[in-house]
Amino acid sequence: MNRIALITGATSGIGRATTITFSQNNFDVIITGRRKELLEDLEKEIKSKSSGEVYILNFDVRNKNEVDKAIDSLPQDWQNIDVLVNNAGLAVGLNHIQEGLIDDWERMIDTNIKGLLYVTRKVSPRMIEKKHGHIINIGSTAGKETYEKGNVYCGTKHAVDAITKGMRIDMLKHKIKVTAINPGMVETEFSLVRFKGDKEKADTVYKGFTPLYGKDIADAILYVVTRPEHVCINDIIITATSQANSIYKVTE
Ligand code: NDP
Ligand code: 8X3
């Protein structure tokens, strides 16, 4: 029987790649995001490539009522979530702190920290009831060190790092595994979002070296969720070979 995974931010990038990889490896997937048409496209793609089942939940992780309502609306067959991938997230803006826009900061804090908490708060009690489950939080190398102008984004990912460690302790007696996956630069819509739709600027981020792709992270997540019951991978940092951490990168 397939396991059930709920993936936040499945419409693009790492979340989309993870969804496809999961659905080809004995998972039924609950796919979530704000862009409904992209969720529907993804559903079609999954159905054409695998026999896994798909369920769409269309919500904004920043809105606690929407999160609660969406997860409560799951049919009985979909309620036993085995794996939660807290992936939805973003960077908005790249400014020195004194020039930062409050709205950008709030979007990052509300999505990357509060959104992750809202979804976890809703899903984890059901895992606890079953004494079974696995929560994967997508952090970043930006949660391990900070870089110029990264201030608030790095802050949110450092928060994800700390929250993940705390969750693992709290979930210990319930036998729920908690893992952080911390990627370096992955070519997705991330930079397009960070630079507010400026494609030229976004494209320069991945020029001159081979970055990671969504599938690289999806493969790592699949590895983590397919370990034996007694094995919990706590924390993984993955960078492109051309990158040592958030700061050091060489061009090829
Ligand atoms: P993308 O922009 O390609 O994907 C982000 C996903 O998050 C989209 O599916 C988007 O869906 C979803 N999302 C964003 N805001 C919300 C929201 N308010 N409510 C619901 N869903 C939301 O970026 P990535 O795939 O690169 O990013 C995924 C995660 O990986 C993020 O947490 C990011 O911080 C992290 N990361 C990315 C790295 C990179 O270099 N790309 C490196 C390290 C970590 P929609 O817009 O449809 O709502
Ligand atoms: C995304 C990676 O280096 O742009 O989390 O912050 S970085």
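As the structure is a prediction and not an experimental result, all values here were calculated from the model. Whatever order the structure lists them in is the order used to number ligands and atoms, beginning at 1. Any value given below was found using the heavy atoms of this structure, including those in side chains, with hydrogens, waters and symmetry copies removed.
For the pair Ser23/Lys49, no side-chain contact is recorded, criterion being any heavy-atom separation below 4.5 Å from C-beta on. Within the 4.5 Å cutoff, the side chain of Thr241 has no heavy atoms near those of the Thr210 side chain. The shortest distance between side-chain heavy atoms of Leu116 and Ile163 falls below 4.5 Å.
Any N or O atom pair closer than 3.5 Å counts here, and Tyr206 shares no such pair with ligand 1. For a threshold of 3.5 Å applied to N or O pairs, the pair formed by Val61 and ligand 1 contains at least one separation below that value. The shortest N or O to N or O distance between Gly9 and ligand 1 is below 3.5 Å. Between Thr188 and ligand 1, a contact under 3.5 Å exists for at least one N or O pair. In terms of N/O distances under 3.5 Å, ligand 1 is approached by Val186. The shortest N or O to N or O distance between Tyr153 and ligand 1 is under 3.5 Å.
The heavy atom nearest to atom 7 (O) of ligand 1, out of those in Gly214, Ala142, Ala88, Ala240, is found in Ala88. Relative to atom 31 (C) of ligand 1, the option among Thr239, Ile138, Asn87 with the closest non-hydrogen atom is Asn87.
Judged by the shortest distance from any of its heavy atoms, Gly139 lies inside the 4.0 Å radius around the atoms of ligand 1. Residue contacts with ligand 1: Ser191 is excluded, as none of its non-hydrogen atoms falls under 4.0 Å. Between Asp60 and ligand 1 there is a heavy-atom distance shorter than 4.0 Å.
Shown here are the salt bridge (Lys or Arg N to Asp or Glu O under 4.0 Å) partners of Arg34, two or more places apart in sequence or in another chain: there are none. Residues forming a salt bridge (Lys or Arg N to Asp or Glu O under 4.0 Å) with Arg3 (at least two apart in sequence, or on another chain): none.
For ligand 1, the atoms lying closer than 4.0 Å to a non-hydrogen atom of Gly13 are 3 (O), 25 (O). Residue-ligand proximity, Gly89 to ligand 1, at heavy-atom distances under 4.0 Å covers atoms 5 (C), 7 (O), 31 (C), 32 (O). Remark: ligand 1 atoms within the under-4.0 Å shell around heavy atoms of Met185 are 40 (O).
Atom 25 (O) of ligand 1 has its closest protein heavy atom at Ile14 N, 2.8 Å. When only non-hydrogen protein atoms are considered, atom 11 (O) of ligand 1 lies nearest to Thr11 OG1, 2.9 Å. The nearest protein atom to atom 42 (C) of ligand 1, hydrogens excluded, is given as Gly184 O, 2.9 Å; this is a heavy-atom distance. Protein heavy atom nearest atom 43 (C) of ligand 1, with residue, atom name and distance: Pro183 O, 3.2 Å. Of the protein's heavy atoms, Ser12 OG, 3.5 Å lies nearest to atom 1 (P) of ligand 1. When only non-hydrogen protein atoms are considered, atom 14 (C) of ligand 1 lies nearest to Arg34 NH2, 3.5 Å.
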*Could you give me the CA-CA distance, side-chain angles and deciding distance for Asn137 and Met167, then say whether side-chain contact (heavy atoms from CB on, under 4.5 Å) is met?*
CA-CA 10 Å; Asn137 292 334; Met167 271 190 200; 3.6 Å; yes
*Please test Phe59 against Tyr118 for ring pair (Phe, Tyr, Trp, His ring centres under 6.0 Å), starting from the C-alpha separation and ending with a verdict.*
CA-CA 12 Å; Phe59 64 87; Tyr118 294 158; over 10 Å; no
*Mind running salt bridge (Lys or Arg N to Asp or Glu O under 4.0 Å) on Lys122 and Asp72 for me, showing each step along the way?*
CA-CA 9 Å; Lys122 194 67 192 165; Asp72 281 339; 3.0 Å; yes
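At least one donor-acceptor pair under 3.5 Å links the side chain of Tyr206 to the backbone N or O of Val186.
Between Ile31 and Leu39 the shortest heavy-atom distance is CD1-O, 3.4 Å. Taking all atoms of both residues into account, the shortest heavy-atom contact from Met171 to Ser124 is CE-CB, 3.7 Å.
Between Asp235 and Lys165 there is no salt bridge, since none of the side-chain N atoms of the basic residue sits less than 4.0 Å from a carboxylate O of the acidic one. Ion pairing between Lys36 and Glu40 holds under the 4.0 Å rule for side-chain N and carboxylate O. The pair Lys64-Asp68 meets the salt-bridge criterion, since a charged nitrogen lies less than 4.0 angstrom from a carboxylate oxygen.
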Please output the side-chain donor-acceptor pairs of residues 93-107 that fall under 3.5 Å, not counting sequence neighbours, one pair per line with the distance.
| from | atom 1 | to | atom 2 | distance (Å) |
| --- | --- | --- | --- | --- |
| His96 | NE2 | Glu148 | OE2 | 2.7 |
| Asp104 | OD1 | Lys196 | NZ | 3.1 |
| Asp104 | OD2 | Lys196 | NZ | 2.8 |

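Contact annotation for Glu187 and ligand 1: no heavy atom of the residue comes within less than 4.0 Å of the ligand. Using a 4.0 Å cut-off between heavy atoms, Ala10 contacts ligand 1 through its backbone alone, with no side-chain atom that close.
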Show the distances, to 0.1 Å, for all pairs joining an N/O atom of ligand 2 and a protein N/O atom that are shorter than 3.5 Å, listing one pair per line.
| from | atom 1 | to | atom 2 | distance (Å) |
| --- | --- | --- | --- | --- |
| ligand 2 | 5 (O) | Ser140 | OG | 2.5 |
| ligand 2 | 5 (O) | Tyr153 | OH | 2.6 |
| ligand 2 | 6 (O) | Tyr147 | OH | 2.6 |

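The residue from Val29, Asp219, Ile221 that alone fulfils the side-chain contact (heavy atoms from CB on, under 4.5 Å) condition with Thr21 is Asp219.
Below 30°, between 30° and 60°, or above 60°: for Phe22 and Phe27 the angle between ring planes is below 30°, a parallel geometry.
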